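Along the sequence shown, residues carry numbers from 1. This is a predicted model, so every value here is computed, not measured. One-based numbering, in listed order, for ligands and for the atoms of each.
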Amino acid sequence: MKRIDLKVWFDCNNMCLFCVQGDKRFKHKPRTKEEIFAKLEEWKKDWATWVVFTWWEPTVHPDIIEAIKYAKKIWYTSIQIQTNWRAFADYNYCLELIEAWVNEFAPSLHWFNPETHDMLVWVPWAWKKTVVWLANLQKLKQFVLMNTVITKQNYKELPNLATLFIKLGVSQFQLAFIHILWSADKNKIEIVPKKSDIIPYVHKALDIGKKCGIICMTEAVPFCLMKWYEWAIAEYNFMPETEVFDAECTIESYAEYRWNEWKAKWSQCKICKYKNICEWPWKEYPEIYGWDEFIAVK
Ligand code: SF4
């Protein structure tokens, strides 16, 4: 099934220190309703049935409900909204989105500790509102795909976060290693952890998810650091091919774009048994910590 990723708006009501979109919010106008409808129609002619309304924050777009209804009208069967949380603390807004036909909710929560979460997304009460929202979605029996960005500040909390997600009834969670672009690049010394430091906590969080029968996965953690946990590597096991309607261009294959533009390999990768399927680390990562952690798997 073809998945499309439709960025409707480049503004956001958070100001996360690890944001990969950075200053785009000051450079690009929101997409108009007509542009969104036209893009949905164009992709529909190409047999797309799965649309993700996404960054920046789609819930602040004035026409988001109409856009979702239009996607349903022209037969998109899977409609996902990726969001930071805010509007959904309101139960009625959750109902409005469900009635419009959102059937996958993809929010993010990054810390088990509320104060740390609020500080790193720069919004007071953000953690509490996200948790209220998740409880609302749980009551409404919705499909929730949770996303957590792994940083220096949260990696030791990942097992606790996994336990919290399970209590809140999420259907799936993904632990994504921070992508070192824009705001994340500016703050890299403070927030980018060493991959080998995070691994024991990542594995423990995956153990918790697996034991409870939850789909759980990692993003941007190569095979050589995931021995016995290869089943959780999102790029290899879970990520569907996606076309992305971004601010400046359309990326026809997000997977190819990641490999060709965003990832880097080194001499060990050439002799590694995973060389044809591994996506390697983000190319900015070795500039901070070098390559020593990535040893070829024989
Ligand atoms: S050595 Fe390179 S190819 Fe092998 S798993 Fe690690 S990053 Fe991937």
Discussion item. Between Y70 and Y76 (judged by ring centroids, cut-off 6.0 Å), do the two rings come close enough to count as a pair?
Written reply: no
Discussion item. Could you check whether any side-chain heavy atom of E235 comes within less than 4.5 Å of a side-chain heavy atom of I277, counting everything from C-beta outward?
Written reply: no
Item to complete: Ignoring hydrogens and angles, tell me if any N or O in the side chain of W127 forms a donor-acceptor pair with the backbone of N113 under 3.5 Å.
Response: no
Item to complete: Using side-chain hydrogen bond (donor to acceptor under 3.5 Å, both in side chains) as the criterion, list what pairs up with W291, not counting sequence neighbours.
Response: none
Discussion item. Are the side chains of W50 and P240 in contact, using a 4.5 Å heavy-atom criterion?
Written reply: yes
Fill in: Protein N, O or S atoms lying under 2.8 Å from atom 6 (Fe) of ligand 1, listed by chain and number
C224 SG
Item to complete: Examine distances only and state if a side-chain atom of E35 and a backbone atom of T32 form a donor-acceptor pair shorter than 3.5 Å.
Response: yes
